[in-house]
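These notes are about the structure you will find just below.
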Amino acid sequence: MVAVLDQPLRVVNVGLELFAAELTRAGVPVVHVDWRPPAGGPDVAALLARLDD
Amino acid sequence: MTIDIKAANREAVERLCRARPAWTGMTTAREALGLTGHTLLHSGPPIGWDRMCPIMRGAVMCAIQFEGWAASPAEAERLAASGDIVFAPCHSRGAVAPMAGIISPGMPLLIVEDRGNATRSWSFMGTGPGPQLRFGAHGAEALARLAWNRDVLAPAFQRVLEREGPVDLAAHMAQALSMGDEMHMRNAASTALLAKALAGPLAAVVGDPAQLERILRFLTRDNDQFFLTWAMAAAKAAARSIESLAGCTVVSTMARNGVEFGIRVAGLGDRWFTGPASVVAGSYFPGFTAADANRDVGDSAIMETYGLGGMAMAASPAVTRIVGAKSVSEAIETTRRMAEICVGRNAGFPIGTLDWEGTPTGIDVRKVVATGIVPSINTAIAHRDVGVARIIGAGISTPPLEPFVDALVAFGETVGGEGRG
Amino acid sequence: MPVRAVVRRSYYRDSMVLMRVAEALRARPGVREAAALMGTPANHELLAAAGLAADETKDAAPGDLVIAVSADTTAAADAAVGEVERILTEQRPMAAAPGRALPRTLDSALRQMPDANLVAISVPGEYAKLEALRALRRGLHVFLFSDNVPLDDEIELKRLAVDKGVFCMGPDCGTAYVNGVGLGFANVVPRGRIGCVAASGTGLQAVVSRVAALGEGISHGIGVGGRDLSAEVGGVMTEMALEALATDPATEAIVVIGKPPAPSVVPKLEAAIGRIGKPVVVCCLGARPAASAPGRWVATLEEAAEATVATLRAAAWTARPFTDVADVKTRLARARAQTPRGPAILGLYTGGTLAHEAALILEPLVGKAARLVDLGDDEFTRGRPHPMIDPEARAGRVREAGRSGEAGVLLVDLVLGRAVHPDPATPLAAAVYDARRAAGAAGGALVAIASVVGTDGDPQDLRRQITTLEAAGVEVLPSNAQAARFAALVTRPDLEPMLLGAP
């Protein structure tokens, strides 16, 4: 069974702050990431994806 | 060949953290770096006479006269412009110099050996307050100070080290960190500790009481940044251990020449990636303003490369006043922000205000590009006018992002279609 | 009209925060128009089109924030721009305490929460792969709300997710429920014994809301994103979700929600359903399943909820066009008395699946007389908030429909839930009111029909949302399917025998 279905959810939110706020309001532990687009745009994002750990 | 960036970066942080820099002796550039003929080393990434900023030209003119290659500033300038001088970055020879620093063959250098990594580096030794080469001064007083360093201070230090053995700079800096230094713009504690360590031994090896007094006064009065060049050599020695670590995206060098800011990356060896040297946001001494300021200059960004300076700002509430930061919480926030772009932390440099967490260490170009957070550099600000040739304040330098992006792209090209371990 | 603008370099805020900033600026005295946008090429065009481009803004790079205001007077514009700093700070729901910045990357977030088990990602689509890869590589489940994600990225992400044994819910997944937690646009529903696998956000919302109204609850609602059942993606997440629900002790019945699977995916889907030893109801809108297909296939979202609940209760159930025929007849009389200005039906939807469901119902009934628009589609949401978050986009279109005379019947959805606009009924009702008045002034009526997806637990107050719409003259039907059928009936009495039964 996919494990998450019986564990309490502990969330990292990357993107819209609203979603993190809603999870907090619903009592779900959440860490919000203050995300910015990487320098150099989507091409660099593709490179970062390739070079990620 | 598959690249394992994670493993290479972890190795880089391990090397930086296990560095055990020690001050082992004094030498000259000719002897240690094999500088022959009319070769001069300069701070920052490669640059020629034509593009040098005026204060670096002033420093060149000072060095040329110091070597006796010319008898006057004008003659020195002509020689420098003639094409007869070979210029190379200090970094290309494993050395470092602060501000508009120039290393010439006859100059005395500190020798620092990293016992943890079997590497070595050398640094220009500071000449104290007043007219000095690092701000472009090239008159009689600046030359006299250089000569005193070569003829009196360096030999005295050499005798001290022969008598007492090497000075453990890692322990020294860790202690200074706990006393509120970050080792780039705040070296008051580290300098005081150096004076403390040297006083007794100097008394033993310097026979002439007048000379001893002069040396001790030099060490202990108006010279609070004196330890910086020891710190720089220590950082450089540690950083040399990662300078050609394959598959590693950690920054091995950051340096500025007053015109350009440059980085090198461990996995890309000797290649420099540059962008315009930044305008430093700072706090100015009375009578000076941003309009008087030279752009960011010097090899001292090796401190941040190693995990001190701006990276360790949380350890130094005092530096916030020096560099004009808004508040002490800004210092703590800066170190936290730097942790976002670093691979690890150096437990050998624990920071009290962060509950003894180690300083963020190992700047990862991937993280710089991904977050847009560039290393925050605490630095002195020089007057741009070589006729004034002095420090006018201190501040926080925010280097350009482009060199980090360029380095990342170059790294991507070297790993080609693979790239993940 | 004076325009004042300010550019904040290397200053990023998400599209919702920027929307609220623009709203706050528009509320300032004398301000006519305001925009808060990142300096992308598309946004520069938007600024120019809105008359807000200025000298200061033209150099803004994609990583820079542009704030521009046009006002009645220079003083009003200056005053508004002067408030920008304060407004920017105020409009951040997750602003960190001073001296304690938020983490900037997943890795530093994981240092704060090492036992995180799910990453919710809602960054612009061109960056979604990078963030999702990071999460999946670290063995974390992903809720991927982002849309405009290239298909190749989705294929790569889901392949990795299957390798790692974790869910990649999306891209383009608007809603999910995992172990009692609603993610994205989620209605507040009780925990219970019905598990859903949904290739549709609003489809899932509609089904769970109806399940809640019928007194049952949801074990999990696993979103798989709109393209999962395509040939290219191959239904991999749907299969994984079905297997998970099959073995989940809390799940007693399963509902599959989406569009018809690609022919190459049908065998895999049917095999997966066949392996489940629990009742499975399938609502793939528009599908024509083979007689031998496993599971119980229904035609609408409403039927999916009702059939599943009935199965759990071992109750008899058949589909019928309307819940309350008498009520429909009353409403019909009211609607026809207005004399709509033509048979054309215009649907302006925020939920794509709801639009699709309505289209499937209306096409056999009225053919080309019905035109359904999904305002949440990718083409409308590039760099702009979804209409479920920002009702203004639809409001403008509704008013235009009132003026243009293009339709006699307007059909809309209203979706409630967490993260949705706090009061979507009011701007919609205001727009409908204006549209109906404009239509009336031109000598014909615009009949407005709606359904509301929501529950009593939702933050918007379901009852109040309905009465707000009714006060503007909107006929609110109990479900989207019923609203669509009602829309057909308004100008087609000939459909009455089929839809309302013998008189």
Side-chain angles (χ1 to χ4, degrees), chain A, chain C residues 10 12 14-17 62-63 92-94 96 101-106 108-110 112-113 115-124 126-127 129-131 133-135 137 140-141 143 145-146 165-167 178-184 186 219-220 240 243-245 247-248 250 389 418-419:
Chain A
M1 211 249 304
V2 180
V4 73
L5 296 188
D6 67 354
Q7 283 166 5
L9 225 55
R10 295 176 64 77
V11 179
V12 174
N13 186 61
V14 183
L16 299 176
E17 290 186 44
L18 175 71
F19 286 166
E22 289 290 351
L23 285 168
T24 302
R25 213 166 293 155
V28 178
V30 57
V31 173
H32 177 68
V33 169
D34 186 11
W35 182 87
R36 322 277 167 89
D43 289 341
V44 169
L47 179 57
L48 285 169
R50 196 157 66 84
L51 299 178
D52 190 36
D53 277 343
Chain C
S10 296
Y12 177 84
D14 72 51
S15 56
M16 289 222 37
V17 169
R92 300 201 63 182
M94 294 305 295
L102 296 167
R104 293 284 298 275
T105 63
L106 173 62
S108 53
L110 291 174
Q112 280 185 39
M113 186 189 267
D115 54 351
N117 48 24
L118 182 136
V119 182
I121 299 171
S122 52
V123 301
E126 63 266 39
Y127 300 108
K129 175 169 118 166
L130 170 59
E131 300 304 326
L133 277 179
R134 283 185 174 145
R137 282 174 184 153
L140 302 168
H141 299 272
F143 169 73
F145 178 87
S146 307
V166 293
F167 284 123
V178 179
N179 207 21
V181 174
L183 298 164
S219 56
H220 311 279
M240 190 183 220
E243 275 165 25
L245 292 177
T247 54
D248 173 40
I389 295 174
R418 292 201 196 278

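Numbers restart at 1 for each chain; the letters A, B, ... are given by sequence-line order, proteins then strands.
Closest approach of C/Met113 to A/Val30, counting heavy atoms only: CE-N, 3.7 Å. When all heavy atoms of A/Val31 and C/Pro103 are compared, the closest pair comes out as CG1-CG, 3.6 Å. Contact between C/Ala109 and A/Val33 at its shortest, heavy atoms only, is CB-CG2, 3.6 Å. Heavy-atom minimum distance, C/Leu133 versus A/Ala49: CD1-CB, 3.7 Å. The two residues C/Pro124 and A/Trp35 come nearest to each other via the heavy atoms CD-CZ3, 3.6 Å. The minimum heavy-atom distance between A/Gly41 and C/Tyr127, with the atom names listed, is CA-OH, 3.4 Å.
When side chains are defined from C-beta on, A/Asp53 does not count as touching C/Arg137, because their heavy atoms never get closer than 4.5 Å. Counting only heavy atoms from C-beta outward, the side chains of A/Val14 and C/Ser122 never approach each other to under 4.5 Å.
With a 4.5 angstrom heavy-atom cutoff, A/Val11 touches chain C via backbone and side-chain atoms both. At a 4.5 Å heavy-atom cutoff, the contact between A/Leu23 and chain C is made by side-chain atoms alone. With a 4.5 Å cut-off on non-hydrogen atoms, C/Leu183 touches chain A through its side chain but not through its backbone. For a residue to count as touching a neighbouring chain, one of its non-hydrogen atoms must lie under 4.5 Å from one of that chain's; by this rule C/Thr105 touches chain A with the backbone only. Both the backbone and the side chain of C/Val119 come within less than 4.5 Å of a heavy atom of chain A.
If you take CG on C/Asn179 and CG on A/Leu9, they are separated by 7.0 Å, rounding to the nearest 0.5 Å. To the nearest 0.5 Å, the span separating CD on C/Glu131 from CG on A/Leu48 amounts to 9.5 Å. Atom-to-atom distance recorded for A/Leu47:CG and C/Leu130:CG is 10.0 Å, nearest 0.5 angstrom. Here CG of A/Leu16 is found 6.0 Å from CD1 of C/Ile389. Values are rounded to the nearest 0.5 Å. Interatomic distance, C/Gln112 CD to A/His32 NE2, rounded to the nearest 0.5 Å: 11.5 Å.
Contact tally against chain A (heavy-atom pairs below 4.5 Å) for C/Gly184, C/Ala135, C/Gly63: the top residue is C/Gly184. The greatest number of non-hydrogen atom pairs below 4.5 Å with chain A, out of C/Ser108, C/Ala116, C/Ala120, is found for C/Ala120. The choice from A/Ala21, A/Ala20, A/Pro37 that makes the most heavy-atom pairs within less than 4.5 Å of chain C is A/Pro37.
In this structure, C/Asn117 contributes its side chain and A/Pro8 its backbone to a donor-acceptor pair below 3.5 Å. Using modelled atom types, no side-chain atom of C/Glu126 and backbone atom of A/Pro42 make a donor-acceptor pair closer than 3.5 Å. Between the C/Asp115 side chain and the A/Arg10 main chain, no donor and acceptor come within less than 3.5 Å of each other.
For C/Pro62, the side chain to side chain contact (heavy atoms under 4.5 Å, CB included) test picks out C/Thr40, with sequence neighbours left out. With sequence neighbours excluded, the residues forming a side chain to side chain contact (heavy atoms under 4.5 Å, CB included) with C/Arg104 are A/Asp34, A/Arg36, B/Glu340, B/Thr371, B/Ile373, listed by chain and number.
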